[in-house]
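So you know, we letter chains A, B, ... as the sequences are listed, proteins then strands, and number each from 1. Bear in mind the structure is a predicted one, so any value in this text is a computation, not a measurement.
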There are 2 protein chains.
Amino acid sequence: MLPMARKQGSHSDITGPKVHQAALRLIAQHGYAAVSMRQIAAEVGVQVGALYNYTSDKQSLLYDLMHSHMRDLLDAVAATDMSGDPVTRLRAFTCFHIRYHLPRSDNVFVSYMELRNLSPDNFTAVEAMRRDYENILEQILRDGEAEGVFSVADTRVSTMALIAMLTGLSHWYREDGRLGMDKIEAIYWDLVRKAVMA
Amino acid sequence: MLPMARKQGSHSDITGPKVHQAALRLIAQHGYAAVSMRQIAAEVGVQVGALYNYTSDKQSLLYDLMHSHMRDLLDAVAATDMSGDPVTRLRAFTCFHIRYHLPRSDNVFVSYMELRNLSPDNFTAVEAMRRDYENILEQILRDGEAEGVFSVADTRVSTMALIAMLTGLSHWYREDGRLGMDKIEAIYWDLVRKAVMA
DNA sequence: TTTTCAAATGAACAGTTGTTCAGTTACATG
DNA sequence: CATGTAACTGAACAACTGTTCATTTGAAAA
């Protein structure tokens with residue numbers, strides 16, 4: 001088969017997403033700095049130059065991955081029912097976090113590990129969104145403390161501690177492992193609840 | 001000042017550690033793949049070629065950093081008093097972890113983020129040491145469960161959750177921040193204790 | 001003072017990097 | 001069928017990569 005400047009059934013609508021998928025997978029596996037544009041192109045099945053129809057440069061590609069992940073995360077959490085008393089809300093947040101993150105380990109990995117490879121402006125933007133997400137949990141803890149149902153030594157630190165605990169799960173969880181998502185959810189909810197309960 | 005092939009008072013005993021310090025700092029800041037041997041050399045104040053008097057290649061340099069960190073960690077934890085009932089031991093482990101890791105944020109960062117840049121053999125070696133460290137905590141939890149003083153839904157998962165919570169601290173703690181190490185220690189011990197107590 | 005040699009230089013190596021762009025191709029439109 | 005153009009190729013660019021090594025240096029040993 002001879003090389004073709006344009007393949008059958010190949011459009012911007014197909015190649016565009018493919019570029020992002022390939023970049024996400026490769027960067028999650030090897031890291032941003034260790035992945036070349038040529039590797040991404042090869043995974044898509046295209047030459048390097050073609051990538052620049054879909055991103056202005058490598059940095060923007062990384063930013064797009066991280067920014068869209070955070071946007072989707074914030075949209076999803078906003079669409080989740082978080083009403084009720086603080087304990088119910090904490091449970092809803094915990095379960096949401098686990099169920100949203102576990103099937104998206106590549107996204108989590110990239111958004112966690114590649115922060116330092118963002119340009120200063122891009123870093124600020126992504127960091128603000130991460131902070132927005134953390135604040136949702138922090139507010140739940142504050143409300144629970146105000147009602148006297150939660151009791152933690154420091155709300156902000158406890159927020160960070162719980163987020164770290166929950167996010168760490170994505171780093172070692174394997175879908176084909178010993179425990180299913182329901183079990184995991186129960187175990188983590190048990191730890192979270194007890195840790196903050198008055 | 002003309003370039004000199006050997007500077008005054010410059011020995012292997014001085015440059016060697018400097019190479020590791022520079023590599024640690026730069027890799028913690030930018031990541032292994034993003035740091036070049038020339039950048040490390042510049043930080044040391046030397047030309048690239050000189051680095052190869054102290055490491056056989058870049059990969060070995062990374063492995064040395066990670067392996068020696070894990071070795072020091074395991075030595076330090078072994079030298080710490082972990083006797084007594086499970087609650088006392090859990091407290092000792094929690095405080096040890098925090099006090100050991102907080103002043104070594106560069107080491108923690110590198111040992112956490114650069115695992116995927118290790119060659120397969122080096123990865124296996126470092127991973128085994130990490131597992132040894134985790135097992136210390138896991139054994140404390142098991143003993144506590146056997147005595148009925150702890151109660152967790154799954155010991156292994158709880159171990160990973162607590163380690164993630166504790167290690168996450170190193171990612172955001174700033175020495176000049178709002179809270180000193182004593183306060184932090186108290187806050188985390190509170191969370192850990194409550195999370196696993198029966 | 002002369003000798004010795006660990007330690008560092010600086011140039012070179014072949015390969016890879018991100019990015020650009022003139023040219024080619026195949027599909028959609030007329 | 002002819003034409004326009006979005007999508008892609010392939011080659012080129014300068015800069016940078018890890019690594020090697022013959023050469024030079026200067027401090028310590030004789």
Next on the checklist: Pick the closest DNA chain D nucleotide for A:Gly49 and for B:Lys58 by heavy atoms, then say which residue is nearer the 5' end.
Outcome noted: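 Closest to the 5' end, via its nearest nucleotide, is A:Gly49.
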
Looking only at the side chain of [X] (C-beta and beyond, no hydrogens), which of the listed nucleotides [options] gets closest?
X: A:Ser36; options: C:dT19, C:dG18, D:dG18; result: C:dG18
X: B:Gln39; options: C:dT19, D:dT17, C:dT9; result: D:dT17
X: A:Gln47; options: C:dT9, C:dA7, D:dT9; result: D:dT9

Next on the checklist: Quick one about B:Asp121 and B:Thr124 (side-chain donor to acceptor, distance below 3.5 Å, no hydrogens or angles considered), yes or no?
Outcome noted: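 Result is no, nothing qualifies.
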
Checklist entry - Do the rings of A:His69 and A:His101 sit parallel, tilted or perpendicular, given the 30° and 60° boundaries? => result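 Perpendicular.
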
Checklist entry - When the ring planes of B:Tyr133 and B:Phe96 are compared, do they come out parallel, tilted or perpendicular, using 30° and 60° as the limits? => result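 Judged by the thresholds at 30° and 60°, the geometry between B:Tyr133 and B:Phe96 is tilted.
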
Checklist entry - Between A:Ala50 and A:Ala34, which is nearer to the 5' end of DNA chain C once each is assigned its nearest nucleotide? => result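 Closest to the 5' end, via its nearest nucleotide, is A:Ala34.
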
Checklist entry - Touch check for B:Val35, heavy atoms < 4.0 angstrom, all strands: base, sugar-phosphate only, or nothing? => result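 Sugar-phosphate, no base atom in range.
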
Item to check | Angle by which the axis turns from one end of the helix from C:dT1-D:dA30 to C:dG30-D:dC1 to the other, five pairs per end, to 10 degrees | outcome: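 Taking five pairs per end, the axes differ by 10°.
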
Rounded off to whole Å, could you give me the [atom1]-to-[atom2] distance for the [X] and [N] pair?
X: B:Tyr52; N: C:dT9; atom1: OH; atom2: P; answer: 14 Å
X: B:Leu62; N: D:dG18; atom1: CG; atom2: P; answer: 13 Å
X: A:Leu51; N: D:dG10; atom1: CG; atom2: C1'; answer: 14 Å

